[in-house]
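The structure appears right after this line, and notes come after that.
Counting convention: from 1, in listed order, for ligands and their atoms alike.
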Amino acid sequence: MLYHLLYPLHAVFPVFNVFRYITFRTIYAVLTAMVISFIVAPWFIRKVKQFQIRQYIREDGPASHHAKAGTPTMGGGFILFSVFASVLLWCDLRNVFVWIVLFVGVGFGLIGFADDYLKIKRRHNKGLSGRAKILLQIAVAGAASIFLYACPDYGTRLSVPFFKGVHIELGAAYILVMMVVIVATSNAVNLTDGLDGLAIGPYLFAIATYLLLCYLVGHSRLAAYLQIPYVAGAGETTVVCGALVGAGIGFLWFNAYPAQIFMGDVGSLPLGAVLGTVAILIKHELLLILIGGIFVLEAVSVIMQVGFFKATGGRRIFRMAPLHHHFELKGWPEPKVIVRFWIIAAVLSLIALSTLKLR
Ligand code: 57M
């Protein structure tokens, strides 16, 4: 909104010319979302406590988690509020990519809200049925993917990290790829959100990495120099990533161990879905396997555990899945698991960025 109100005045007030720069608006999107979340969070936590919106702990979880019973949850509500407010303030709202990301965020946020609401109402950790949840996610991801596919001159080629010239033309099949990336990333972040700060920490590294990639992919000269796909208009998603970074830092302030609030599915589902959407918009979806490596590890650990459990009639690979529980049951204190996962996430982001030159 500020872009539309103030940039046109640069003819009279030259200082307003600064609003044309994505870098400027991204920095202030970060700061705005952070300040909004710092201001809103204390009020939000008080309200959530007042309405008894508290976490129910599953009996079969690690014993250390029972002390967490009653922790306020659904903190994703103020994350989304901070992101949307900052995006509406700082983005060029004529950019279709911004609205696609907002659509996915709202869609998955509503699914997460419904799941959390049912858990609170039933006073149990069982919310929406797995089937209902996945069908709703497929519907939202499908709508966004089909819309994107229908956008004129939106490419359906799959870029391969490390190999400059390799682009696989998928045509309409790319719609399926987009849906899988969005739904899988959403659920992987959701699974990871099982310790204080364990999801939001790696998420911040991932979205900050995509913030840089959005800027490069949306910059014709830099994209040409780096020989990465140029996507006209993708640069504006840099500002959206900035808002996500700011809101994520604000949430981490309150979710850091020992957490004052959990994000709930209303946070984990949209955050993951939006990360997947950004990766698709800038044609760096395969790189998400590396950048979102922690989320991949957590999801794969569950798939392996459940598969092995079924195949062997009850034996387990890990002490408990997802992976963070395995280390908890090995005796690692929670903060140690969390910070070590953050370190791995940071290393994976650096390796992913190195692929820009390793091509
Ligand atoms: C998402 N939710 C946390 C919180 C957060 C198939 C199976 C692997 C599914 C998986 C599952 O239930 N996943 C759901 C993970 C939950 O966190 C809430 O959920 C929101 C995110 N969606 O925002 O509201 C618990 O995590 C802890 N937590 C924190 N700090 C945080 O900042 O401590 C969350 C955020 C919270 C709190 O205790 O209650 C969760 O773990 O449920 N199931 C599991 O992960 C279970 N694993 C399991 O069953 N493994 C089996 C098989 C099926 C793979 C095995 O290994 O044999 C574990 N989780 C729980 N109990 N709660 C173990 C059993």
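Taking the six-membered ring for Trp and thresholds of 30 and 60 degrees, F78 and F251 have ring planes inclined between 30 and 60 degrees apart. The aromatic rings of F16 and F19 are tilted relative to each other, their planes meeting at an angle between 30° and 60°.
With sequence neighbours excluded, no residue forms a side chain to side chain donor-acceptor pair (under 3.5 Å) with N95. Shown here are the side chain to side chain contact (heavy atoms under 4.5 Å, CB included) partners of L102, two or more places apart in sequence or in another chain: F84, V87, L88, V98, W99.
Ligand-side atoms of ligand 1 in range of D196: 29 (C), 30 (N), 31 (C), 32 (O), 33 (O), range being under 4.0 angstrom from any heavy atom. Below 4.0 Å from some heavy atom of T73 lie the following atoms of ligand 1, by number and element: 24 (O).
Distance remark: protein heavy atom not present below 4.0 angstrom from atom 40 (C) of ligand 1. For atom 5 (C) of ligand 1, a protein heavy-atom neighbour is found at a distance under 4.0 Å.
For the ligand labelled ligand 1, residue A259 lies outside the 4.0 Å heavy-atom shell.
Backbone and side-chain nitrogen or oxygen atoms of V306 are examined, and none is located within less than 3.5 angstrom of a nitrogen or oxygen of ligand 1. Considering backbone and side-chain N/O of L191, none are found under 3.5 Å from N/O of ligand 1. In terms of polar-atom proximity, R316 is counted as a contact of ligand 1, with an N or O under 3.5 Å from an N or O of the ligand. Checking only distances, G194 does come within under 3.5 Å of ligand 1, N or O to N or O. Ligand 1 has no nitrogen or oxygen under 3.5 angstrom from a nitrogen or oxygen of R319.
From L148, atom CG reaches atom CD1 of I175 across 9.5 Å, with rounding to the nearest 0.5 Å.
Ionic pairing of E334 and K68 is present here: one or more N-O contacts between side-chain nitrogen and carboxylate oxygen are shorter than 4.0 angstrom.
Both the backbone and the side chain of M263 come within 4.0 Å of ligand 1, counting heavy atoms alone. At a 4.0 Å heavy-atom cut-off, ligand 1 touches L195 through the backbone alone.
More than 12 non-hydrogen atoms from other residues, nucleotides or ligands lie less than 6.0 angstrom from OH of Y174.
Applying side chain to side chain contact (heavy atoms under 4.5 Å, CB included) to P270 and the options L80, L110, D265 leaves one that passes, L80.
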